[in-house]
Number of protein chains: 2
Amino acid sequence: MEVVVISIDEESRIIDDMMDRIVKRKLSPGEKLPSENELADEYRVPRMTVRNALTKFEERGYIYSKQGKGRYVKEASIPIQLSLTGRISFTDKMNQMGYDLMTSNIYCEKMDYEMEVYQKLNADEHDSVYRIGRLRYINGEPIAIHNSYVNESSFPEIKEDGPEIESMFAYYRKQGFSDFTSRKTMLSITFPTSKEQQLLSCKSMVPLIKVESDCIDIESKQVLEHTKILYRSDKFKYDITMD
Amino acid sequence: MEVVVISIDEESRIIDDMMDRIVKRKLSPGEKLPSENELADEYRVPRMTVRNALTKFEERGYIYSKQGKGRYVKEASIPIQLSLTGRISFTDKMNQMGYDLMTSNIYCEKMDYEMEVYQKLNADEHDSVYRIGRLRYINGEPIAIHNSYVNESSFPEIKEDGPEIESMFAYYRKQGFSDFTSRKTMLSITFPTSKEQQLLSCKSMVPLIKVESDCIDIESKQVLEHTKILYRSDKFKYDITMD
DNA sequence: CTAGCTTAACTTGTCGCCAAGTGCTTGTGT
DNA sequence: ACACAAGCACTTGGCGACAAGTTAAGCTAG
């Protein structure tokens with residue numbers, strides 16, 4: 001009889017085990033992990049295997065390492081419960097939940113032509129579309145990048161106003177619009193580019209939740225903006241309850 | 001004057017660039033990437049840096065490698081548009097969209113006590129709760145693990161029936177329940193354990209979308225099940241439109 | 001006795017060599 | 001001229017030695 005050995009990836013096994021130790025509180029936040037050599041002996045694998053596993057684990061954001069010292073368990077951040085369902089603005093949502101929200105404008109620039117975005121704005125290829133980026137902080141931590149795409153032909157002063165806008169809704173109201181709706185909201189997962197890693201001060205393997213939507217003036221049916229928000233997935237839990 | 005050099009992680013820069021080449025179609029699916037040595041020369045970095053970057057990229061599921069041959073761009077899978085909003089069952093959703101859905105039962109076992117799950121089922125600590133796991137395939141590809149937690153005191157035959165159930169809704173109807181609702185639906189992101197990697201045949205860095213919900217009989221207000229679904233995030237786009 | 005420096009034993013980080021796998025090219029025997 | 005095998009030039013994969021950083025103990029000099 002032949003014995004079939006199903007090879008389970010050693011690295012994944014180590015990550016599983018580390019995860020288990022953390023959730024079972026055998027390893028608490030701030031505590032030092034066993035050294036690479038100790039773990040290598042324990043799992044009977046070369047140090048490099050342990051090392052690769054721990055590097056992956058680090059990039060997911062669960063531990064951090066210091067050369068010459070060791071690896072440590074990160075403080076677990078309590079997930080912020082975010083409701084994706086309501087039609088209220090991000091700012092209002094967060095204030096409602098009692099979070100200390102801060103916003104900083106990071107850019108307001110003319111974007112290069114991109115079919116997908118232009119189409120959604122009903123923009124002509126020769127229109128100027130501005131991308132307004134804001135970084136959202138909660139309790140001082142950057143947690144989301146909020147991109148708004150706005151057609152200059154709809155808002156001629158957007159180039160000047162853009163760098164000052166905190167809430168787009170407030171801006172639209174000032175421009176004479178009052179009731180808003182949106183067509184479709186799509187959710188997908190991406191990884192941060194190096195720029196996004198810097199802005200969100202996160203590692204390359206922290207998944208981002210990308211929420212794409214738009215904002216339409218109910219009265220004129222005009223598309224005011226297209227939005228693309230990138231949330232750090234390790235900081236949130238989303239309530240997507242229907243009612 | 002002091003020149004401050006902001007160090008951008010070399011690995012991330014390489015990944016950014018590879019991603020860019022793929023979306024800009026400088027590299028098409030099936031095509032071979034430049035070798036590690038070529039890229040190392042191009043970016044003026046040691047081969048190991050390129051290697052680490054490409055390994056990460058591979059684990060995200062964008063490329064695959066063959067020893068002795070090279071690295072190749074994977075076929076981009078067209079994301080399946082899944083509506084998270086409706087109250088119809090997974091099976092119905094998929095059939096409605098015209099996808100070739102297949103389900104296989106992978107386990108039906110008494111679970112160990114876990115406070116969170118037991119609480120949500122209003123189960124006593126001494127109750128037997130069964131975990132019924134099904135693997136969902138679309139076009140032959142495994143794409144989601146569907147876990148249902150059911151209290152034996154509500155469904156005494158669950159141990160025997162479990163391994164045969166494809167649709168829980170159908171099962172509940174057969175048991176005399178007809179109208180269902182759910183309380184809260186939460187969405188979060190996790191990474192696959194090694195078991196989940198095997199079941200979903202995906203790499204360790206493919207994020208999974210975890211959707212937790214429950215099913216309640218409207219008439220009796222009884223909690224019939226707690227569900228935990230793990231979707232491969234690289235295979236889906238979610239429609240979370242409100243209306 | 002004490003302050004400060006040296007050293008050694010740990011830690012994680014980097015790099016490069018060689019092993020393993022593939023396929024093309026080349027040479028040889030029929 | 002063709003078949004086949006050996007070798008070489010490429011690929012990715014794995015591992016081990018060393019570099020760099022940290023800490024604490026112990027020795028030495030004041």
Side-chain angles (χ1 to χ4, degrees), chain A residues 5-15 17-19 21-22 26-74 194 197 203-205, chain B residues 5-15 17-19 21-22 27-75 194 197 203-205:
Chain A
V5 178
I6 297 170
S7 94
I8 299 171
D9 179 16
E10 285 292 346
E11 284 182 22
S12 298
R13 245 201 41 215
I14 295 171
I15 296 179
D17 200 54
M18 283 299 138
M19 199 64 191
R21 291 193 199 188
I22 291 176
K26 285 178 216 163
L27 281 172
S28 302
E31 203 170 332
K32 190 174 170 303
L33 268 70
S35 79
E36 294 177 0
N37 283 315
E38 285 174 308
L39 291 171
D41 289 346
E42 188 182 331
Y43 294 111
R44 313 276 189 121
V45 295
R47 182 170 83 100
M48 272 302 161
T49 306
V50 172
R51 193 170 165 65
N52 286 336
L54 292 180
T55 304
K56 271 192 207 171
F57 202 48
E58 180 175 352
E59 262 153 1
R60 291 185 191 175
Y62 291 100
I63 56 175
Y64 64 92
S65 60
K66 278 190 180 159
Q67 187 175 0
K69 296 191 74 175
R71 299 183 188 272
Y72 300 86
V73 180
K74 264 198 197 169
S194 47
Q197 283 170 48
K203 292 279 183 173
S204 65
M205 285 302 182
Chain B
V5 179
I6 298 171
S7 93
I8 300 172
D9 180 16
E10 285 293 345
E11 286 182 22
S12 297
R13 245 202 40 216
I14 296 172
I15 296 179
D17 199 54
M18 282 300 135
M19 199 62 191
R21 290 193 199 187
I22 291 176
L27 280 171
S28 302
E31 203 171 331
K32 190 176 169 305
L33 269 70
S35 80
E36 294 177 0
N37 283 317
E38 285 173 307
L39 290 171
D41 289 346
E42 188 181 332
Y43 295 110
R44 313 273 190 126
V45 294
R47 182 169 82 100
M48 279 315 278
T49 306
V50 173
R51 194 169 165 63
N52 285 335
L54 293 179
T55 305
K56 269 192 208 173
F57 202 49
E58 179 175 353
E59 262 154 1
R60 290 185 191 176
Y62 291 100
I63 56 174
Y64 63 91
S65 61
K66 278 190 181 162
Q67 188 176 359
K69 296 192 74 177
R71 299 183 190 269
Y72 300 86
V73 180
K74 264 198 197 169
E75 212 65 42
S194 46
Q197 284 170 46
K203 292 279 186 175
S204 65
M205 287 301 183

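Here is how names work: the chains are called A, B, and so on, in the same order as the sequence lines, proteins then strands, and each is numbered from 1. Small disclaimer: the values here were computed from a predicted structure and weren't measured.
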If the condition is ring pair (Phe, Tyr, Trp, His ring centres under 6.0 Å), which residues does Y72(A) pass it with, not counting sequence neighbours? Y64(A)
Under 3.5 Å, is there any donor-acceptor pair linking the side chain of R51(A) to the base of dG14(D)? no
What closest approach, in Å, do R71(A) and I63(A) show between heavy atoms, and which atom pair accounts for it? CD-CD1, 4.2 Å
Need to verify one output field. Residue with the more 5' nearest nucleotide on DNA chain D, G68(A) or T49(A)? T49(A)
Roughly how many Å is it from CD in E10(A) to P in dG14(D), rounded to a whole number? 12 Å
Proximity to the side chain of Q67(A) - top-ranked nucleotide from dC15(D), dG13(D), dG21(D): dG21(D)
Rounding to an integer number of Å, can you tell me how far L54(A) CG sits from dG13(C) C1'? 13 Å
Give a yes/no on whether any side-chain N or O of R71(B) is located under 4.0 angstrom from OP1 or OP2 of dT11(D). no
With a cut-off of less than 4.0 Å, is there a side-chain N or O of K69(B) near OP1 or OP2 of dG23(C)? yes
Atom NZ of K66(B) to atom C1' of dC10(D): distance rounded to whole Å? 17 Å
With distance as the sole criterion, do the side chain of R47(A) and the base of dG13(C) form a donor-acceptor contact below 3.5 Å? yes
Considering just the side-chain nitrogens and oxygens of S65(A), establish if one lies under 4.0 Å of OP1 or OP2 belonging to dT12(C). no
Any donor-acceptor pair under 3.5 Å linking the side chain of S35(B) with the backbone of E38(B)? yes
Could you state the CG-P distance from N52(A) to dG16(D), rounded to the nearest angstrom? 14 Å
Could you state the CD-P distance from E36(A) to dC18(D), rounded to the nearest angstrom? 18 Å
Roughly, in whole Å, what's the span from CG in N37(B) to P in dT12(D)? 7 Å
Please report, rounded to the nearest Å, how far the C1' atom of dA17(D) is from the CE atom of M48(B). 14 Å
Within this structure, what is the CD-to-P distance between E58(A) and dT12(C), rounded to whole angstrom? 11 Å
Would you call E10(A) and R13(A) a salt bridge, taking side-chain N to carboxylate O under 4.0 Å as the test? yes
Check whether more than 12 heavy atoms from other residues, nucleotides or ligands sit under 6.0 Å from atom NZ of K66(A), and answer yes or no. no
